[in-house]
Amino acid sequence: MNIQPLLDALDLQQDAARALTDDLRAQIEDLQTRLREAGTHLEHLAITRKTVTGLAGRLPASPPELPEHPDYPRILVVFNEATGPLRARDVCAALDLEPLPKNIEGTRAKLKRLVKLDILTEVDVGSFTMKR
């Protein structure tokens, strides 16, 4: 009986198994490298999280949102340019509003709202300045 064809078939299967083994080892090495990189990235993210949460208490609070009315940004511009405290009548004049009681009272109400939002401060009754 001639076993050479059987040995040749075994050699082919052995070569194929060896090639598959080599390919799988290469894939394992690649996956191990990727796993190490992902682990390092995960460690860096944990450090970043710890740093950010540690600094969170030290960061200044975000500025409060202004009410929707278009006068509020204009009022803040007036106070940014002011050199001292302003009264509601002064703000009306800076905004080119007539010094009518309804305009002055409306402006005073807006200034009081900005005090409640901690943007302005009332240094004296009816006299406002930018909070520094």
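Since the structure is predicted, the reported quantities are computational estimates derived from the model, not experimental observations.
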Under a 4.5 Å side-chain heavy-atom rule over Ile, Leu, Val, Met, Phe, Trp and Tyr, are [X] and [Y] clustered together?
X      : Y      : result
Ile119 : Val123 : no
Val77  : Leu114 : no
Phe79  : Leu95  : yes

[X] side chain to [Y] backbone, donor-acceptor under 3.5 Å:
X      : Y      : answer
Asn103 : Leu97  : no
Arg89  : Ile104 : no
Thr51  : Ile47  : yes
Asn80  : Leu76  : yes
Glu29  : Thr33  : no
Asp15  : Leu12  : no

Item to check | Residues Arg108 and Glu105 bridged, charged N to O under 4.0 Å | outcome: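 The answer is yes: the pair qualifies as a salt bridge.
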
[X] side chain near [Y] side chain, heavy-atom distance below 4.5 Å:
X      : Y      : result
Leu24  : Leu20  : yes
Thr121 : Phe128 : no
Lys110 : Ile75  : yes

Spatial distance of atom [atom1] ([X]) from atom [atom2] ([Y]) [nearest 0.5 Å]:
X      : Y      : atom1 : atom2 : value
Leu35  : Thr40  : CG    : OG1   : 9.5 Å
Leu31  : Arg36  : CG    : CZ    : 11.0 Å
Glu37  : Gln32  : CD    : CD    : 12.5 Å
Leu66  : Asp71  : CG    : CG    : 11.5 Å
Leu86  : Met130 : CG    : CE    : 10.5 Å
Leu111 : Arg113 : CG    : CZ    : 10.0 Å

Item to check | Step-by-step salt bridge (charged side-chain N to carboxylate O under 4.0 Å, His left out) determination, Arg87 to Asp90 | outcome: CA-CA 5 Å; Arg87 302 184 72 71; Asp90 303 326; 5.8 Å; no

Item to check | No-hydrogen, no-angle side-chain donor-acceptor test under 3.5 Å, Thr21 and Arg18 | outcome: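 Not at all, the side chains of Thr21 and Arg18 share no donor-acceptor pair under 3.5 Å.
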
Item to check | Crowding at CD1, Ile3 (>12 non-hydrogen neighbours, <6.0 Å) | outcome: no

Next on the checklist: Looking at Gln4, I want to see if its CD is surrounded by more than 12 non-hydrogen atoms of other residues, nucleotides or ligands under 6.0 Å.
Outcome noted: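 Correct, the count exceeds 12.
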
Next on the checklist: Tell me the closest heavy-atom pair linking Glu65 and Leu117, and the distance in Å.
Outcome noted: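 Nearest pair, atom of Glu65 first, then Leu117: O-CD1, 3.9 Å.
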
